[in-house]
Number of protein chains: 2
Amino acid sequence: MTEEQQLNPVDGLAQLSFVIQGLLERHATAQDLSMAQVRLLGVLRDRTPTMLELARLLGLDKSSTTGLVDRAERRGLVQRAPSDTDGRSVRVSLTDGGRALVTAAAARFGAEVTDLLGLLPPADRDSLSGLISRLLVAHAAQQGTDLFAPADAET
Amino acid sequence: MTEEQQLNPVDGLAQLSFVIQGLLERHATAQDLSMAQVRLLGVLRDRTPTMLELARLLGLDKSSTTGLVDRAERRGLVQRAPSDTDGRSVRVSLTDGGRALVTAAAARFGAEVTDLLGLLPPADRDSLSGLISRLLVAHAAQQGTDLFAPADAET
DNA sequence: TATTGTTATACTCTATAACTATA
DNA sequence: TATAGTTATAGAGTATAACAATA
């Protein structure tokens with residue numbers, strides 16, 4: 001039962017990503033949210049984008065974004081407000097309820113990931129975090145993006 | 001530019017999972033497949049389950065599975081065959097075309113994850129793989145599942 | 001009666017194309 | 001004309017409930 005069996009690196013990364021996504025999804029559905037809604041609320045945590053900016057941030061077509069925001073607005077999670085500077089534009093923001101929901105969900109998700117990491121001894125845990133950080137930094141650099149850029153600065 | 005900035009562990013794991021899922025999704029859409037179809041083909045690589053087993057493997061309702069298999073069958077990727085032993089049951093399997101597709105896609109995905117890991121120095125890469133393996137093994141043990149059980153034995 | 005699978009129905013999510021209003 | 005956003009429409013994916021066929 002304690003054999004040193006080892007997953008190949010590709011399968012390991014793929015499996016890990018499914019485990020993490022599974023946790024996220026569980027918390028989402030517990031809140032009666034879809035992953036799309038979670039992403040929307042997450043993006044709005046530190047931004048008040050126009051519909052077009054929102055579409056780009058989520059990687060969706062603007063018409064898809066209209067529907068996504070419609071449904072979130074109907075549930076009282078986000079709100080639309082006309083832009084001050086452009087009569088064609090709309091700014092989307094979290095309502096207080098939406099913010100409360102996403103904050104609580106993020107806290108519970110964080111706790112669960114922390115529990116997951118707690119399965120490793122502290123030294124291993126620190127090594128893993130450091131290695132993942134380095135990998136993501138290298139990946140971001142390769143993509144020409146800045147992993148640590150503030151949300152407001154994202155164009 | 002070379003500061004030792006570090007993501008907190010929770011954000012790191014979450015980000016990493018999004019990067020990996022993003023790679024998977026890119027390869028899927030390049031093949032004109034949805035993630036649901038990719039999962040279906042992936043599960044069928046080493047199994048020929050009944051509809052009900054398939055639903056459980058994918059974590060879907062049996063009616064959702066009917067639709068998923070319908071669409072894959074219409075595209076010639078999978079096939080249904082009546083069970084020898086139970087007149088109510090149907091066994092689902094990959095067609096040759098489906099197997100070719102999933103094999104090619106898996107190879108390309110593997111190459112890309114390998115490239116990603118190649119951003120780290122070899123020693124770090126090995127450490128990361130080992131740590132991820134240990135984490136997944138511990139997680140599987142906690143869930144009472146066996147990470148290394150052969151597909152046929154999954155009941 | 002219980003189980004396997006499909007069908008009917010409804011909702012979310014997504015995209016393309018056409019449209020309205022503003023710039 | 002060009003841009004921001006919505007609407008119309010279509011298809012995939014998912015679930016619940018009702019059903020048919022088999023055990």
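To find a chain, count down the sequence lines: A is the first, B the second, and so on, and within it residues start at 1.
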Study note, to complete from the structure: S63(A) has its side chain closest, among dT14(D), dT4(C), dA17(C), to dA17(C)
**Study point:** Shortest side-chain distance from R71(A), nucleotide among dT12(C), dA23(C), dA21(D)
**Key:** dT12(C)
Check your understanding: Rounded to whole angstrom units, what separation is found between the CG atom of L54(A) and the P atom of dT3(D)?
Key -> 20 Å
Exercise for review: Determine, stepwise, if the pair D70(A) / R80(A) fulfils salt bridge (Lys or Arg N to Asp or Glu O under 4.0 Å).
Suggested key: CA-CA 9 Å; D70(A) 282 351; R80(A) 284 175 165 99; 2.9 Å; yes
**Study point:** Interatomic distance, L68(A) CG vs dA15(C) C1' [rounded to whole Å]
**Key:** 14 Å
Review point. Which nucleotide, dA23(C), dG5(D), dA23(D), lies nearest any side-chain atom of T50(A)?
Key: dG5(D)
Practice item. Take R26(B) and E112(B) through the salt bridge (Lys or Arg N to Asp or Glu O under 4.0 Å) test and state the conclusion after the steps. Key: CA-CA 11 Å; R26(B) 268 209 299 126; E112(B) 194 156 12; 2.3 Å; yes
Exercise for review: For S83(A), report the nucleic acid contact type (base, sugar-phosphate, nothing); a contact means any heavy atom under 4.0 Å.
Suggested key: nothing
Practice item. Identify, between G87(B) and L52(A), the residue whose nearest nucleotide on DNA chain D lies closer to the 5' end. Key: L52(A)
Exercise for review: Nearest whole angstrom, please: distance from the P of dT7(C) to the CE of M51(B).
Suggested key: 10 Å
Revision key, fill the gap. Of T85(B) and R80(A), the one whose closest nucleotide on DNA chain D sits nearer the 5' end is R80(A)
Point to revise | Distance in angstrom units between D70(B) CG and dG5(C) P, rounded | key: 13 Å
**Study point:** Distance in angstrom units between L33(A) CG and dC11(C) C1', rounded
**Key:** 15 Å
Check your understanding: For T66(B), which contact category applies under a 4.0 Å heavy-atom criterion: base, sugar-phosphate, or nothing?
Key -> base
Exercise for review: Taking only the side-chain heavy atoms of K62(A) (C-beta and beyond), determine which of dT14(C), dT6(C), dT6(D) contains the nearest atom.
Suggested key: dT6(D)
Point to revise | M51(A) side chain reached by R88(A) side chain, heavy atoms, under 4.5 Å | key: no
**Study point:** Among dT14(D), dA4(D), dT6(C), the nucleotide that comes nearest once only the side chain of S64(B) is considered
**Key:** dT14(D)
Review point. To the nearest angstrom, how far is D61(B) atom CG from dT9(C) atom P?
Key: 17 Å
